[in-house]
Amino acid sequence: MVSSMKTLIIIPAYNEELTIGSVVTLAKKYGDVLVVDDGSADRTSEIARNAGAFVIKHETNMGKGAALRTGFEYALSMDYKIVVTLDADGQHNPDEIPVLLEPIVNGKADLVIGSRYLNGAQRSIPPYRRFGLWILNLGTKVVSNMNVDSQSGFRAMNKKLLEKLDLNSNDYSIETDMIVKARERGIRLMEVPITVRYDVPNKHKKNPVSHGLGVLASIVGLIGYKRPLLLFGVLSLLSFITSGVLAYWALKPYYHGGRIFLTQAIGAGIFAIIGIQLFVAGLTLNVLAKMVRE
Ligand SMILES: Nc1nc2c(ncn2[C@@H]2O[C@H](COP(=O)(O)OP(=O)(O)O)[C@@H](O)[C@H]2O)c(=O)[nH]1
Ligand SMILES: [Mg+2]
């Protein structure tokens, strides 16, 4: 089944000369292919072009999110009805594109996410990555109420979604950004099972710690924006707990007939004040966030 609707397959690529050729060749069966070469220093552009892709090249490396946004702009300007995004490193299987297209073509969803959690494919994810993903998925759930494979870059979407979302992330946080904004704007979201390969030569461009922390920072930012009372409430609670521990420490000698530890007592006071301020900030921002939403 190949849809008759004009489909663009967008592949963000950064130094992927080893895999881009085969990914483009396989993807071509399902639509036009656009490779956004994000300032690669290798032959990604040349190979992609020879394999039959249209190539847009960023002069410098701007990040996966920026590359996808370049692709989305191109899709809108050329009036594509459907867009598929997939990774250039060979981790995704282009022959699964029809599975992602089906709900879009049949009008059942506006955004389809390829999920590693629906068919047990998550078992092939290395454990430390699985833990990181668990945290990012949880964070995404807190902001969007959607329990999905939030970091998967294998997705299909229709034109309506592209027109409605003004994405502004430049890095990997674009994946969460898209889910959160889709949810806000009443977009129908669905997941389908996909497989992911971990035996490819260049599967991760960034080290997992900075990659994960970068995405996490943006999710925490979103939590502060969407659910300020939760974020500030947790921080405030942590301050009060710290204050309690210090107070206990300060007062302990006093009950044994000695004098209180002054340093710990001052610390306890400071953390109590911080706790109160965080709580008040949370309440205030919560009211503001409500006002903005109404
Ligand atoms: N355009 C662009 N693509 C990137 C960049 N970093 C990674 N990618 C692409 O985004 C996809 C996923 O990146 P990858 O590092 O494999 O993510 P991971 O598998 O989740 O660790 C791949 O196709 C990369 O080529 C970047 O800075 N710019
Ligand atoms: Mg990868």
Side-chain angles (χ1 to χ4, degrees), residues 12 63-65 68-69 84-87 89 91-93 96 99-100 103-104 108-157 161 165 167-198 200 203-235 237-238 289:
K64 184 187 186 189
L68 282 177
R69 285 164 54 205
V84 173
T85 61
L86 93 153
D87 288 358
D89 56 7
Q91 288 198 273
H92 298 142
N93 177 2
E96 292 177 342
V99 183
L100 279 96
I104 303 276
K108 286 186 279 190
D110 305 306
L111 172 61
V112 176
I113 299 180
S115 165
R116 293 163 277 195
Y117 295 92
L118 296 179
N119 56 2
Q122 86 274 13
R123 280 194 289 269
S124 57
I125 308 174
Y128 71 94
R129 284 212 154 237
R130 225 183 295 168
F131 176 70
L133 280 170
W134 178 75
I135 292 183
L136 299 182
N137 289 337
L138 189 69
T140 304
K141 184 165 179 227
V142 169
V143 267
S144 69
N145 231 336
M146 298 294 300
N147 193 6
V148 292
D149 188 353
S150 63
Q151 304 309 305
S152 169
F154 200 0
R155 298 179 174 194
M157 60 214 75
L161 176 123
L165 303 195
L167 300 165
N168 49 23
S169 322
N170 284 332
D171 52 12
Y172 292 103
S173 53
I174 190 157
E175 322 286 11
T176 297
D177 194 12
M178 189 188 278
I179 294 171
V180 172
K181 288 192 172 133
R183 184 72 181 174
E184 273 172 8
R185 284 158 216 190
I187 294 284
R188 292 165 307 155
L189 193 154
M190 209 179 130
E191 282 192 300
V192 296
I194 54 154
T195 54
V196 173
R197 286 177 64 162
Y198 282 85
V200 299
K203 50 187 175 289
H204 308 301
K205 256 44 71 192
K206 260 180 117 171
N207 91 55
V209 176
S210 62
H211 180 158
L213 286 180
V215 179
L216 186 63
S218 93
I219 292 179
V220 170
L222 283 168
I223 297 178
Y225 177 69
K226 306 258 312 172
R227 309 202 38 195
L229 199 50
L230 178 70
L231 179 67
F232 285 87
V234 168
L235 292 175
L237 187 66
L238 289 177

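Residue numbers count from 1 along this sequence. Treat the numbers as computed from the prediction; the structure is a model and nothing was measured.
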Visitor: Side chain of R183, backbone of V143: donor and acceptor closer than 3.5 Å?
Guide: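 Not a single qualifying donor-acceptor pair exists.
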Visitor: Are the side chains of Q151 and T140 in touch, meaning some heavy atoms are under 4.5 Å apart?
Guide: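 They are in side-chain contact.
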Visitor: Could I get the full list of side chain to side chain contact (heavy atoms under 4.5 Å, CB included) partners for R188, not counting sequence neighbours?
Guide: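 Residues passing side chain to side chain contact (heavy atoms under 4.5 Å, CB included) with R188: D110.
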Visitor: Sequence neighbours left out, cut at 3.5 Å: what donor-acceptor pairs do the side chains of residues 216-235 make with other protein atoms?
Guide:
unit_1, atom_1, unit_2, atom_2, d
S218, OG, V215, O, 3.1
K226, NZ, E184, OE2, 3.0
R227, NH1, V142, O, 3.0

Visitor: Grab the two heavy atoms, one from M157 and one from L111, that are nearest each other, plus how far apart they are.
Guide: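 For M157 versus L111, the nearest heavy atoms are CB-CD1, 4.1 Å.
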Visitor: Can you name the residues that form a salt bridge (Lys or Arg N to Asp or Glu O under 4.0 Å) with D171, not counting sequence neighbours?
Guide: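 Per chain and number, D171 pairs via salt bridge (Lys or Arg N to Asp or Glu O under 4.0 Å) with no residue.
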Visitor: Looking only at side-chain N and O atoms, does N168 offer a donor or acceptor that is under 3.5 Å from a partner on R69?
Guide: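 No, no side-chain donor-acceptor contact under 3.5 Å.
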Visitor: Please report the interatomic distance CG(N170) to CG(L68), rounded to the nearest 0.5 Å.
Guide: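 CG of L68 is found 10.5 Å from CG of N170.
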Visitor: Looking at residues at least two apart in the chain, or sitting in another chain, which of them share a side chain to side chain donor-acceptor pair (under 3.5 Å) with Y172?
Guide: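 Expected list: none.
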Visitor: Mind checking side chain to side chain donor-acceptor pair (under 3.5 Å) for D149 and listing every partner two or more places apart, or none if nothing turns up?
Guide: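 For D149, the residues satisfying side chain to side chain donor-acceptor pair (under 3.5 Å) (neighbours in sequence not counted) are R116.
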Visitor: Closest approach of A182 and L165, non-hydrogen atoms and distance?
Guide: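 Heavy-atom minimum between the residues: N-CD2, 3.8 Å.
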Visitor: Does N119 have any side chain to side chain contact (heavy atoms under 4.5 Å, CB included) partners at least two apart in sequence or in another chain, and if so, which?
Guide: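 Scan of N119 (side chain to side chain contact (heavy atoms under 4.5 Å, CB included), adjacent residues dropped) gives A121, P193, T195.
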Visitor: Which distance, rounded to the nearest 0.5 Å, do you find between the CD1 of I135 and the CG of L138?
Guide: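 The CD1 atom of I135 sits 8.0 Å away from the CG atom of L138.
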Visitor: Going from CG on D89 to NZ on K205, what distance comes out if it is rounded to the nearest 0.5 angstrom?
Guide: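 D89 atom CG to K205 atom NZ measures 4.0 Å (nearest 0.5 Å).
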Visitor: Side chains of I113 and L189: does their closest heavy-atom pair fall under 4.5 Å?
Guide: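 A side-chain contact exists here, since the closest heavy-atom pair is under 4.5 Å.
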Visitor: Checking N145 now: which residues fulfil side chain to side chain donor-acceptor pair (under 3.5 Å) with it, not counting sequence neighbours?
Guide: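 Checked N145 against side chain to side chain donor-acceptor pair (under 3.5 Å); zero matches.
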Visitor: Between atom CG of L167 and atom CD1 of I174, what is the distance when rounded to the nearest 0.5 Å?
Guide: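 CD1 of I174 is found 5.0 Å from CG of L167.
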Visitor: Evaluate the side-chain proximity of L100 to I194: yes if any heavy-atom separation is below 4.5 Å, no if none is.
Guide: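 Counting from C-beta outward, I194 and L100 do come under 4.5 Å.
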Visitor: OG/S173 to CE/M178 distance, rounded to the nearest 0.5 angstrom?
Guide: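 If I round to the nearest 0.5 Å, the distance is 11.5 Å.
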Visitor: The test is side-chain contact (heavy atoms from CB on, under 4.5 Å); show your working for V84 and F154 and say whether it passes.
Guide: CA-CA 7 Å; V84 173; F154 200 0; 4.1 Å; yes
Visitor: Do the side chain of N137 and the main chain of S150 share a donor and acceptor less than 3.5 angstrom apart?
Guide: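 It does hold such a pair.
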Visitor: For N147, enumerate each residue passing the side chain to side chain contact (heavy atoms under 4.5 Å, CB included) test, keeping only those at least two apart in sequence or located in another chain.
Guide: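 N147 satisfies side chain to side chain contact (heavy atoms under 4.5 Å, CB included) with K141 only.
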Visitor: Apply side chain to side chain donor-acceptor pair (under 3.5 Å) to T85 and list each qualifying residue two or more places apart in sequence or on a separate chain.
Guide: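 With neighbours one apart ignored, the set is empty.
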Visitor: So does D87 pair up with K203, basic N to acidic O under 4.0 Å?
Guide: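 Salt bridge between D87 and K203, a charged N being under 4.0 Å from a carboxylate O: no.
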Visitor: Among residues two or more places apart or on two chains, list those pairs meeting side chain to side chain donor-acceptor pair (under 3.5 Å) that have a residue in residues 120-132.
Guide: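 Every side chain to side chain donor-acceptor pair (under 3.5 Å) pair that includes a residue of residues 120-132, provided the two are not neighbours, is R129-H204.
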Visitor: For the OH atom on Y198, are there more than 12 heavy atoms of other groups (residues, nucleotides or ligands in this structure) within a distance under 6.0 Å?
Guide: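 Yes.
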Visitor: How long is the gap from CD1 on I187 to NZ on K181, to the nearest 0.5 Å?
Guide: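 Answer rounded to 0.5 Å: 12.5 Å.
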Visitor: Would you say E191 and V112 make side-chain contact, with heavy atoms under 4.5 Å?
Guide: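 Sidechains of V112 and E191: no contact.
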